[in-house]
Amino acid sequence: MNVLVTGGAGYIGSHALVALIEANYDVVVLDNLINGSAEAVMRVEKITQRKIPFYEGDIRDSNFLNSIFKNHDIDVVVHFAGLKSVGNSVKNPIEYFDFNVNGTISLVKGMELAGIYRLVFSSSATVYGDSSIMPLHEDLPTGEPKNPYGRSKLIIEQMLQDLAKSNSRWSIGLLRYFNPVGAHESGLIGESPQGTPNNLLPYVAQVAVRRLPKLAIFGNDYDTIDGTGIRDYIHVMDLVEGHVKAIKKLEKSGGLKIWNLGTGKGYSVLEMVDAFESVSGRNIPYYFQHRREGDVAVCWADVSLAEIELGWRAKRDLLDMVGDTWRWQIQNPEGYR
Ligand code: NAD
Ligand code: UDP
């Protein structure tokens, strides 16, 4: 089975390559390297001892896509390619709709032309909006995303739902990620943000190696155990193993399915900082700042559907998430650069 991985040179995509190869899939990577790194793919080759066909180019370029589909007999596409910074999406909304929404339109058109109808899409818990019901279950209505990034994910979800309804040949999995963190246990691949990280754990890791002086904690007045925000952090290897299970499920069933990928357990910002300090043995200086606009107080997943339908459950715990992040950071203080 041949899997095309769009965005395979990025954080989650590169880890997915490892999981797919371990599950005996043949992979082909497409990435325009706007945020990814060819080095990540080379490191995956080192981990897996496999040569990976890599195509540098853009999913919005239909000729480029068609040439890949001609060269390889692709059975399924796992679609990670897109832009993901909430802050940048507020500053450059059109760019986000172009990369994410237009990119997906171009991809599915290319797939239809090539007769490929199996797709796994990287969605996000952000599509639930500001729900007062926790944990979040797939049956809950989607909410009103607070920024163009979230809106682009919701638009793509709705578009893919219409597509699956229009033609029964389509078999589509929408995977709603909670908070992916961690790195492959080898420490060879991990998250390598460009510029100052936006997400909590990469920021903490850079404070630990003294690339950044201090962590700003956004809000200590939430109605939570210690006043800081609670999220469902999931180890990236657990997350990508969920993709392998989703592909296997889509091989046997058609239509469109939605699955949450989280652990079902939430941790506060201060709990994450404490765990990082004890694993790394480094002090993490921090201070409290006002709440970040658009943040919810708590967010965690109901993971029962993925467990029942995919036979998948996250296996790695908080110490694995933090320990693997730390190993990656200490071995690669500058990321891939
Ligand atoms: P990432 O930026 O590391 O990876 C995305 C990859 O896509 C990059 O390598 C980038 O170069 C490539 N890319 C972007 N636009 C492209 C285009 N038009 N053509 C070809 N390649 C393109 O991000 P990630 O963290 O690995 O996220 C992967 C996917 O998961 C994204 O769609 C993201 O929105 C989604 N997601 C991520 C998170 C998270 O916290 N990391 C949470 C929820 C959903
Ligand atoms: N957070 C923080 N300081 C930072 C980055 C994040 O206090 O520099 C908090 C944020 O307010 C949220 C949690 O950490 O409560 C996770 O944020 P992240 O950006 O990693 O993920 P999100 O859930 O926003 O997608």
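We number each residue from 1, following the sequence as shown. Atoms within a ligand are numbered from 1 in the order they appear, just like the ligands themselves.
- In this structure, F288 falls outside the shell of residues with a heavy atom less than 4.0 angstrom from ligand 2.
- For the pair K153 and Y149, the cation does not sit on the ring face, since its NZ or CZ is not both under 6.0 Å from the ring centre and inside 45° of the axis.
- Proximity to R292 (heavy-atom distance under 4.0 Å) selects the following atoms of ligand 2: 10 (C), 17 (O), 18 (P), 19 (O), 24 (O).
- Between R291 and D221 there is a salt bridge, with a side-chain nitrogen of the basic residue lying less than 4.0 Å from a carboxylate oxygen of the acidic one.
- Considering backbone and side-chain atoms together, L201 places no N or O closer than 3.5 Å to any N or O of ligand 2.
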Could you tell me, for ligand 1, which of its N or O atoms are under 3.5 Å from any protein N or O, listing the pairs and their distances rounded to 0.1 Å?
{"from": "ligand 1", "atom 1": "3 (O)", "to": "Y11", "atom 2": "N", "distance (Å)": "2.8"}
{"from": "ligand 1", "atom 1": "9 (O)", "to": "G10", "atom 2": "N", "distance (Å)": "3.2"}
{"from": "ligand 1", "atom 1": "9 (O)", "to": "D31", "atom 2": "OD1", "distance (Å)": "3.2"}
{"from": "ligand 1", "atom 1": "9 (O)", "to": "D31", "atom 2": "OD2", "distance (Å)": "2.6"}
{"from": "ligand 1", "atom 1": "9 (O)", "to": "G36", "atom 2": "N", "distance (Å)": "3.2"}
{"from": "ligand 1", "atom 1": "11 (O)", "to": "D31", "atom 2": "OD1", "distance (Å)": "2.7"}
{"from": "ligand 1", "atom 1": "11 (O)", "to": "N32", "atom 2": "OD1", "distance (Å)": "3.3"}
{"from": "ligand 1", "atom 1": "11 (O)", "to": "I34", "atom 2": "N", "distance (Å)": "3.1"}
{"from": "ligand 1", "atom 1": "11 (O)", "to": "N35", "atom 2": "N", "distance (Å)": "2.9"}
{"from": "ligand 1", "atom 1": "11 (O)", "to": "G36", "atom 2": "N", "distance (Å)": "3.1"}
{"from": "ligand 1", "atom 1": "13 (N)", "to": "N32", "atom 2": "OD1", "distance (Å)": "3.3"}
{"from": "ligand 1", "atom 1": "18 (N)", "to": "D58", "atom 2": "OD1", "distance (Å)": "3.0"}
{"from": "ligand 1", "atom 1": "18 (N)", "to": "D58", "atom 2": "OD2", "distance (Å)": "3.4"}
{"from": "ligand 1", "atom 1": "19 (N)", "to": "I59", "atom 2": "N", "distance (Å)": "3.1"}
{"from": "ligand 1", "atom 1": "21 (N)", "to": "N32", "atom 2": "N", "distance (Å)": "3.1"}
{"from": "ligand 1", "atom 1": "21 (N)", "to": "N32", "atom 2": "OD1", "distance (Å)": "3.3"}
{"from": "ligand 1", "atom 1": "25 (O)", "to": "K84", "atom 2": "NZ", "distance (Å)": "2.8"}
{"from": "ligand 1", "atom 1": "26 (O)", "to": "Y11", "atom 2": "N", "distance (Å)": "3.3"}
{"from": "ligand 1", "atom 1": "26 (O)", "to": "I12", "atom 2": "N", "distance (Å)": "2.7"}
{"from": "ligand 1", "atom 1": "32 (O)", "to": "F80", "atom 2": "O", "distance (Å)": "3.0"}
{"from": "ligand 1", "atom 1": "32 (O)", "to": "K153", "atom 2": "NZ", "distance (Å)": "2.9"}
{"from": "ligand 1", "atom 1": "34 (O)", "to": "Y149", "atom 2": "OH", "distance (Å)": "2.8"}
{"from": "ligand 1", "atom 1": "34 (O)", "to": "K153", "atom 2": "NZ", "distance (Å)": "3.0"}

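- Within a 6.0 Å sphere centred on OH of Y55, other residues, nucleotides and ligands contribute more than 12 heavy atoms.
- Atom 23 (O) of ligand 2 has its closest protein heavy atom at R231 NE, 2.7 Å.
- Summarising the local packing, CD of E138 is surrounded by more than 12 heavy atoms from other residues, nucleotides or ligands at distances under 6.0 Å.
- Considering only non-hydrogen protein atoms, atom 3 (N) of ligand 2 sits nearest to A216 O, 2.8 Å.
- With a heavy-atom cut-off of 4.0 Å, T126 does not touch ligand 2 at all.
- Atom CD of E56 and atom CG of D31 lie 8.0 Å apart (nearest 0.5 Å).
- With respect to atom 1 (N) of ligand 2, the closest heavy atom belonging to the protein is F218 CD1, 3.7 Å.
- Set against the non-hydrogen atoms of N199, the atoms of ligand 2 under 4.0 Å away are 18 (P), 19 (O), 20 (O), 21 (O).
- Of all the atoms in ligand 2, the ones that sit under 4.0 Å from a non-hydrogen atom of N179 are 21 (O), 22 (P), 23 (O), 25 (O).
- Salt-bridge annotation for D98 and R60: present, with a side-chain N of the basic residue lying under 4.0 Å from a carboxylate O of the acidic one.
- Relative to atom 16 (C) of ligand 2, the option among Y267, Y203, Y233 with the closest non-hydrogen atom is Y233.
- By the neighbour-count criterion of 12 heavy atoms within 6.0 Å, atom CG of N167 is densely surrounded, having more than that number from other residues, nucleotides or ligands.
- A salt bridge between E309 and K257 is present, with a side-chain N of the basic residue lying under 4.0 Å from a carboxylate O of the acidic one.
- Distances between N or O atoms of V269 and those of ligand 2 include no value under 3.5 Å.
- Judged by a 6.0 Å distance limit and a 45° cone about the ring axis, R231 is not positioned over the six-membered ring of F178.
- The number of heavy atoms from other shown groups lying within 6.0 Å of CD (Q331) is above 12.
- Between K84 and E191 there is a salt bridge, with a side-chain nitrogen of the basic residue lying less than 4.0 Å from a carboxylate oxygen of the acidic one.
- At under 3.5 Å, a nitrogen or oxygen of L200, whether backbone or side chain, sits near a nitrogen or oxygen of ligand 2.
- Against a heavy-atom cut-off of under 4.0 Å, N198 is close to the following atoms of ligand 2: 5 (C), 19 (O).
- Electrostatic pairing of E241 and K245 does not count as a salt bridge here, judged by no charged N lying under 4.0 Å from a carboxylate O.
- In terms of protein heavy-atom proximity, atom 10 (C) of ligand 2 is nearest to D295 OD2, 3.5 Å.
- Hydrophobic clustering, with ILVMFWY side chains joined whenever heavy atoms are under 4.5 angstrom apart, groups V77 together with L160.
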